Protein chains: 2
Amino acid sequence: MSTSLHHRAVEHLGSRIVGGALPTGHVMLAEQLESELRVSRSVVREAVRVLQSLGLVETIKRVGIRVLPAHRWNPYDPLVIRWRLAGEGRGAQLRSLAELRSAVEPAAAELAALNAPQELREELVRISLAMRDAGRAGEMPLFLELDIRFHALLLSGSGNEMFANLIGQVAETLTGRTVHGLMPDHPKEAALQWHIDVARAIADGDGEKAREASSNIMREAIADLSPSWEDQPRVFVPVERKQS
Amino acid sequence: MSTSLHHRAVEHLGSRIVGGALPTGHVMLAEQLESELRVSRSVVREAVRVLQSLGLVETIKRVGIRVLPAHRWNPYDPLVIRWRLAGEGRGAQLRSLAELRSAVEPAAAELAALNAPQELREELVRISLAMRDAGRAGEMPLFLELDIRFHALLLSGSGNEMFANLIGQVAETLTGRTVHGLMPDHPKEAALQWHIDVARAIADGDGEKAREASSNIMREAIADLSPSWEDQPRVFVPVERKQS
DNA sequence: TGACACCGATGTGTGCTGACATCAAAACTC
DNA sequence: GAGTTTTGATGTCAGCACACATCGGTGTCA
């Protein structure tokens, strides 16, 4: 009950659209939403405006509020990602995130090796060693926490704010991997060593080596996670001929 | 005058925040914005809600509307990107986009080689050959159009909607490179060949080769563009200890 | 006399409502 | 079939009541 009406309205509509309950092209009327959500016009209108900025709906005069096709949604918005992870798009969303992460992290590692501040490099080494200890001891909750922090520091250390912004999504996938039992009781020894390799390469300013070691981690992560999106069909969004 | 008041309000506030005219921590009052923008409360409130969803501001009772630090902004939102490109963050934004693209496109090429529909592969080959002809003939407007379409198809063909969503940004950087004179009169012969290599590798389903060739294109693109962000300082966003 | 807890005034976002403006789809007229 | 009118939806405005965090004054206690 602590959440505002606005927040609830956005949540309700957004999750139903992304979850597929409101199909593409479905038209709603503002008045109808008022009675459905039991809120006033202002709340509905402000919620619709937010959903509009996320690319989930468009408003057309004399027609109403229309649900836009999925390829118009902003796939990088935290709300959209959360709704997809909660609904039937979960598998496809996990795959997208994993592939994005696989592409970005090696690049981030290379940039971190070239640019990261000294203190960050040192902490990265410390954490990679702590991960090894926690991993060997089978202390998985601690390991997860260190793992998240390791990758957060790595992305942050790249000095690229678009990379750094993926921290939340990466934490989500790491947590999900543990929670959904896709993680062995003990992390593989090779994975622990790769983390140390990444950290040491960054500390040494060796971009090439950092990227290589990070790629190994990513390959392993994809292999661990891929069962969760088996048989998810890929969608190929159309390419428009003109840009605005 | 065709744009709505809402649109104008979002634009006005967003560009001033991202452009740096309204510094982090700056507090505004809704009432003050009404008179400043000469619009009613509804418009101000709906605009603020949108900016809130982009992470640009937060609203606090009894205090007002506060500008959030840049690392809270959603760096993937098209509006935020546009405002950054228009303002003083232009250099840093171009670098971020170029680095992201360099990370993503080789991965997208590899995925496209494994997953893209047949027709898309064929069009990719056709376009790469047309690019070579247009490039050798020095028909730069046509070359730019083909270049954009090539990379759009590549990203789309990956079957990853997060990759595909970068089409707009990539088009932006390609256009910018040409407009700002960072492009030679004739594209380098090697670059033309790399595009053909990428297309052929995708057509042959050779993911490894597609990624390699794409990496070459990216290295070249970074080299062309890097003058535009010389001396731009990198920012390292803090890593929070806890996640919500 | 001073320190501290309490409590009400104040100001600001949140939410509600009625009215009018605007504009494009749909119906109508010629 | 082309042009015009009607209609119905969003867009915009203005006023009000409410919730609640902050501030400052008041009272109590040491």
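These numbers come from a predicted model, not from an experiment. Every chain is numbered from 1, with letters handed out A, B, ... down the list of sequences.
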Steps toward side chain to side chain contact (heavy atoms under 4.5 Å, CB included) verdict (B:Arg101, B:Leu174): CA-CA 11 Å; B:Arg101 190 184 159 214; B:Leu174 292 178; 3.9 Å; yes
Summary of protein contacts for nucleotides 16-23 of chain C, nucleotide by nucleotide, where a base hit scores B, a sugar-phosphate-only hit scores S (4.0 Å, heavy atoms): BBBB--BS
Whole-Å distance separating the CD1 atom of B:Ile65 from the P atom of C:dG11: 18 Å
Distance-only donor-acceptor check, side chains A:Trp83 and A:Glu11, under 3.5 Å: yes
Verdict with reasoning, B:Gln93 to B:Val18, per side chain to side chain contact (heavy atoms under 4.5 Å, CB included): CA-CA 11 Å; B:Gln93 178 69 68; B:Val18 174; over 6 Å; no
Candidate pair B:Val50 and B:His6, rule side chain to side chain contact (heavy atoms under 4.5 Å, CB included), full reasoning: CA-CA 10 Å; B:Val50 169; B:His6 168 73; 3.8 Å; yes
Separation between CD of B:Glu58 and CD of B:Gln52, rounded to the nearest 0.5 Å: 8.5 Å
Side chain to side chain contact (heavy atoms under 4.5 Å, CB included) between A:Leu225 and A:Leu94, worked out: CA-CA 8 Å; A:Leu225 282 168; A:Leu94 281 174; 5.7 Å; no
Parallel, tilted or perpendicular: rings of A:His195 and A:His151 (30°, 60°): perpendicular
Which atom pairs, donor and acceptor, lie under 3.5 Å between side-chain atoms of residues 156-165 of chain A and protein residues at least two apart or in another chain?
unit_1   : atom_1 : unit_2   : atom_2 : d
A:Ser156 : OG     : B:Val237 : O      : 2.7
A:Ser158 : OG     : A:Leu155 : O      : 2.7
A:Ser158 : OG     : A:Asn160 : N      : 3.1
A:Asn160 : OD1    : A:Met162 : N      : 2.7
A:Asn160 : OD1    : A:Phe163 : N      : 3.1
A:Asn160 : ND2    : B:Ser96  : O      : 3.3
A:Asn160 : ND2    : B:Glu99  : OE1    : 2.8
A:Glu161 : OE1    : B:Ser96  : OG     : 3.4
A:Glu161 : OE2    : B:Arg84  : NH1    : 2.3
A:Glu161 : OE2    : B:Arg84  : NH2    : 3.0
A:Glu161 : OE2    : B:Ser96  : OG     : 3.1

d(CG, A:Leu29; C1', C:dA25) in whole Å: 14 Å
More than 12 heavy atoms from other groups under 6.0 Å of CD on A:Gln169: yes
Pairwise salt bridge (Lys or Arg N to Asp or Glu O under 4.0 Å) hits with a residue in residues 20-36 of chain A, at least two apart: A:Arg16-A:Glu36
B:Arg234 atom CZ: more than 12 heavy-atom contacts under 6.0 Å: yes
Where chain A begins and ends its contact with DNA chain D, read 5' to 3' at 4.0 Å from heavy atoms: D:dT7 to D:dT12
pair B:Arg82-B:Leu79: side-chain heavy atoms closer than 4.5 Å: yes
Grab the N/O contacts between the protein and nucleotides 5-7 of chain C below 3.5 Å, and write none if there aren't any.
none

Whether over 12 other heavy atoms sit under 6.0 Å from A:Glu122 CD: yes
Residue whose nearest DNA chain C nucleotide is more 5′ - A:Ile60 or A:His7: A:His7
Interface residues of residues 48-58 of chain A with DNA chain C (non-hydrogen, below 4.0 angstrom): none
